[in-house]
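For reference, the structure is listed below as structure tokens.
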Amino acid sequence: MDPLVIAGRQFRSRLIVGTGKYKSFQETGRALEASGAEMVTVAVRRVNLDRSKESLLDYIDPSKYFLLPNTAGCYTADEAIRTARLGREVGLSDWVKLEVIGDQATLYPDIQATLEATRILVKEGFTVLPYTSDDVVFAKRLLEAGASAIMPLGAPIGSGLGVQNAANFRILREMITGVPLILDAGVGTASDATIAMELGADAVLMNTGIANAQDPVLMAEAMKNAVLAGRQAYLAGRMPRKLYATASSPLEGIVR
């Protein structure tokens, strides 16, 4: 067992998946099943909460999946705080994946507003998992504010570019030790997820990389395997990189 632990709660899977952009609720359900994920993010502002008609929530079994409401679509701290409160009031969770977007073109986070919202929501009893930049200074400030994880983007949301700044991510891995470091955004295919885990991510959160694949269900399974392989490789420790060749078989004892 190598569980992911967030705020004292254990998860067997280190893959966290979103629920947007699928062709149908049925496809969403099949992809979730194939991913093996236990934690599933749901956009509070984009789901039918009163269940007056068919809803995404009808396809997510709360006894099987841990719902993580997110504040997607919020551009101010006040918006994000109200959205988190709404998610709690309707019974989704007192956990929140906090997103406060600062730029519409790149969907980069407004880190100052994120910090402000984190402070307030933590004081109100929320378990806050903030989407942020790969800036280690702000990561430390989020920790001081009470964040239960640090979730830097690997690349812009929905870009599929993979981890664009591996050096910054390695620095974050060295500095962030008290809470999980979760890659959030930028994964396009299985190798991107593996690289993130090999760099030391405790988990990977993704949506578009699965939902926009030609076969989302098969890609969900690929992502499950990729995250597992990357974690195992990180724990195993890779061989040192060398400029010159080293024979696979030792030369000592060879009959000449």
Taking the side chain as everything from C-beta on, heavy atoms only, tell me whether [X] gets closer than 4.5 Å to [Y].
X	Y	value
Leu181	Pro152	yes
Arg231	Asp202	yes
Phe66	Ser93	yes
Val163	Leu199	yes
Thr41	Ile16	yes
Lys97	Leu205	yes

I'd like to know if [X] and [Y] make a salt bridge, using a cut-off of under 4.0 Å between side-chain N and carboxylate O.
X	Y	value
Asp2	Arg12	no
Glu198	Arg238	no
Glu124	Arg85	yes

Side chain to side chain contact (heavy atoms under 4.5 Å, CB included) between Tyr234 and Met197, worked out: CA-CA 7 Å; Tyr234 175 74; Met197 296 301 294; 5.8 Å; no
Nearest heavy-atom neighbours spanning Val17 and Leu15: CG1-CG, 3.8 Å
Main-chain N/O of Glu27 paired to Ser24 side chain as donor or acceptor, under 3.5 Å: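 Yes.
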Any donor-acceptor pair under 3.5 Å linking the side-chain atoms of [Y] with those of [X]?
X	Y	answer
Tyr59	Gln26	yes
Ser63	Asp61	yes
Thr106	Asp103	yes

OH on Tyr75 to CD on Glu99, rounded to 0.5 Å: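 Output value for this atom pair is 10.0 Å.
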Atom pair CD1 (Ile157) and CG (Asn207), whose distance is rounded to the nearest 0.5 Å: 10.0 Å
Verdict with supporting geometry, Leu98 and Leu129, side chain to side chain contact (heavy atoms under 4.5 Å, CB included): CA-CA 6 Å; Leu98 179 63; Leu129 284 62; over 6 Å; no
Over 12 foreign heavy atoms within 6.0 Å of NZ, Lys21: yes
